[in-house]
Amino acid sequence: MKTAVVIPAYNEKLTIRDALVDCHSVFPDAQLVVVDNNSTDGTGDLARSTLAALGCDGVVFMEKQQGKANAVRKAFHAIDADIYIMLDADLTYPAKEVKKLIEPILKGSADMVVGDRISGGHYERENKRLFHNFGNQLIAFLLNLLFHADLHDIMSGARVFSRAFVKNYPIMCSGFEIETEMTLHALDKRFAIVEVPIVYKDRPAGSFSKLNTVGDGIRVIKTIFSLFKDYKPLVFFGGSAILFFLLGLASGMLPILEFVRFHYVYRVPLTILATGLMLVSLLCLTAGFILDTVVNFHRQTYELQLLRFPK
């Protein structure tokens, strides 16, 4: 059974060597796959020399399109394995902790196992970036609310996947929102998700996170709502239809009362507004039904694709 450790790296010269040594010591038979995402500090060259010194099965890819998701996509397309491990190159996830994530995959009880940094309080203690804890809680709350899930750590970069998940997961995003996208894909396509508590360590001194708290946080939230629209269009557009219907009803109350009382409508602009809102409500509901049919057809096609996928 072949195991591949995928390590996307962007300007991680300070930690890439130790990360590879750590991975090789815990996974001596695994293929170590580093994806250099346009590093300017020699990360790729150091990774190649480290892999050569370790004498292990390893490769360094170059991905010109900037973004973590693009780097992971490169590895998922190029590497064929039975078990895929995704790790960051910043030493925040010790390899011995990540090893615990493999067991549910081997047992066949999970398709994606997530290293949960939140439940044990490790992330809250170790993380020193302002608003990151709040951001993780907000994202988890939104995702669990919209998709009726019960997950704790949506943004964890330590994950283990089955081959079936990796080879049937279309990566559509480009950056740090990949963890959110793959979680939503697993929920929608009924892949089994298991969270395993792990120890998380902050970056070593001199190493800096590439994650932009506000910018990437907004992108993640946009991804959640965008995929919610794509995966649950009837709920999304149906909710919008109800909202516009209530607004139209509120706007039309006075014209209706006027007509009942005087048999004439004096507030013509308000009447036009109410009519427009009601039409928008009807259009939203119609779009929801049509797109829901399309999504259900897509799910049927996807399930047939999984049946034909070699186990």
Less than 4.5 Å apart, any side-chain heavy atom of [X] and any of [Y]?
{"X": "Asn11", "Y": "Thr40", "value": "yes"}
{"X": "Leu151", "Y": "Asn144", "value": "yes"}
{"X": "Phe191", "Y": "Leu306", "value": "yes"}
{"X": "Phe61", "Y": "Val33", "value": "yes"}
{"X": "Leu101", "Y": "Arg159", "value": "no"}
{"X": "Val21", "Y": "Leu54", "value": "yes"}
{"X": "Asp80", "Y": "Lys167", "value": "yes"}
{"X": "Ile102", "Y": "Phe27", "value": "yes"}

Should [X] and [Y] be counted in the same cluster of Ile, Leu, Val, Met, Phe, Trp and Tyr side chains packed under 4.5 Å apart?
{"X": "Ile178", "Y": "Phe225", "answer": "yes"}
{"X": "Leu91", "Y": "Ile7", "answer": "no"}
{"X": "Ile193", "Y": "Leu142", "answer": "yes"}
{"X": "Leu277", "Y": "Leu243", "answer": "yes"}
{"X": "Val295", "Y": "Met172", "answer": "no"}

Nearest 0.5 Å please: distance from the [atom1] atom of [X] over to the [atom2] atom of [Y].
{"X": "Ser251", "Y": "Leu273", "atom1": "OG", "atom2": "CG", "answer": "4.5 Å"}
{"X": "Tyr200", "Y": "Thr92", "atom1": "OH", "atom2": "OG1", "answer": "4.5 Å"}
{"X": "Lys74", "Y": "Ile79", "atom1": "NZ", "atom2": "CD1", "answer": "10.5 Å"}
{"X": "Leu283", "Y": "Ser240", "atom1": "CG", "atom2": "OG", "answer": "12.0 Å"}
{"X": "Met155", "Y": "Gln137", "atom1": "CE", "atom2": "CD", "answer": "13.5 Å"}
{"X": "Asn37", "Y": "Gln66", "atom1": "CG", "atom2": "CD", "answer": "4.0 Å"}

Exercise. Below 6.0 angstrom between ring centroids: does that apply to Phe259 and Tyr264?
Worked result: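 Aromatic pair excluded; centres sit 6.0 Å or further apart.
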For [X], does the [atom1] atom have more than 12 heavy-atom neighbours from other residues, nucleotides or ligands under 6.0 Å away?
{"X": "Met278", "atom1": "CE", "value": "yes"}
{"X": "Tyr266", "atom1": "OH", "value": "yes"}
{"X": "Phe147", "atom1": "CZ", "value": "yes"}
{"X": "Met62", "atom1": "CE", "value": "yes"}
{"X": "Lys2", "atom1": "NZ", "value": "yes"}

Exercise. Run the side-chain hydrogen bond (donor to acceptor under 3.5 Å, both in side chains) check on Asp90 and Thr15 step by step: do they pass?
Worked result: CA-CA 6 Å; Asp90 54 11; Thr15 57; over 6 Å; no
Would you find a donor on one side and an acceptor on the other, under 3.5 Å apart, between the side chain of [X] and the backbone of [Y]?
{"X": "Thr43", "Y": "Glu12", "result": "yes"}
{"X": "Asp116", "Y": "Glu195", "result": "no"}
{"X": "Thr3", "Y": "Ile83", "result": "no"}
{"X": "Asp153", "Y": "Arg117", "result": "yes"}
{"X": "Tyr93", "Y": "Val98", "result": "no"}
{"X": "Asn168", "Y": "Ala164", "result": "yes"}
{"X": "Ser156", "Y": "Gly115", "result": "yes"}

Problem set entry | Cation-aromatic face contact Lys189/Tyr302, 6.0 Å, 45 degrees |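 Satisfied, under 6.0 Å and within 45°.
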What are the two closest non-hydrogen atoms of [X] and [Y], and how far apart are they?
{"X": "Leu285", "Y": "Ala241", "result": "N-CB, 3.8 Å"}
{"X": "Leu143", "Y": "Ala149", "result": "CD2-CB, 4.3 Å"}
{"X": "Val5", "Y": "Ala30", "result": "CG2-CB, 4.0 Å"}
{"X": "Tyr84", "Y": "Arg163", "result": "CE1-CA, 4.0 Å"}
{"X": "Ile16", "Y": "Ala89", "result": "CD1-CB, 3.9 Å"}
{"X": "Leu46", "Y": "Lys13", "result": "CD2-O, 3.4 Å"}

Problem set entry | Side-chain donor-acceptor contact under 3.5 Å, Glu63 with Asn70 |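 Note: Glu63 and Asn70 side chains miss the donor-acceptor criterion.
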Exercise. Do Glu181 and Tyr169 get their side chains close enough for a donor-acceptor pair, meaning under 3.5 Å?
Worked result: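 Yes, side-chain donor-acceptor contact under 3.5 Å.
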N-O pairing of [X] and [Y] below 4.0 Å:
{"X": "Glu303", "Y": "Arg190", "answer": "yes"}
{"X": "Lys68", "Y": "Asp88", "answer": "yes"}
{"X": "Glu97", "Y": "Lys100", "answer": "yes"}

Problem set entry | Audit row: Arg219, Ser174, side-chain hydrogen bond (donor to acceptor under 3.5 Å, both in side chains) steps and yes/no | CA-CA 10 Å; Arg219 290 178 66 179; Ser174 60; 3.1 Å; yes
Exercise. Any salt bridge (Lys or Arg N to Asp or Glu O under 4.0 Å) pairs touching residues 23-43, not counting sequence neighbours?
Worked result: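 Passing the test, one end in residues 23-43: no pairs.
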Exercise. Met112 and side-chain contact (heavy atoms from CB on, under 4.5 Å): which partner among Met182, His185, Met86?
Worked result: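 Running side-chain contact (heavy atoms from CB on, under 4.5 Å) over Met182, His185, Met86 with Met112 returns exactly one hit, Met182.
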Problem set entry | Intermediate values then yes/no, side-chain contact (heavy atoms from CB on, under 4.5 Å), Phe237 and Asp292 | CA-CA 10 Å; Phe237 287 101; Asp292 186 63; over 6 Å; no
Problem set entry | Audit row: Asn296, Arg299, side-chain hydrogen bond (donor to acceptor under 3.5 Å, both in side chains) steps and yes/no | CA-CA 5 Å; Asn296 285 331; Arg299 288 197 180 105; 3.3 Å; yes
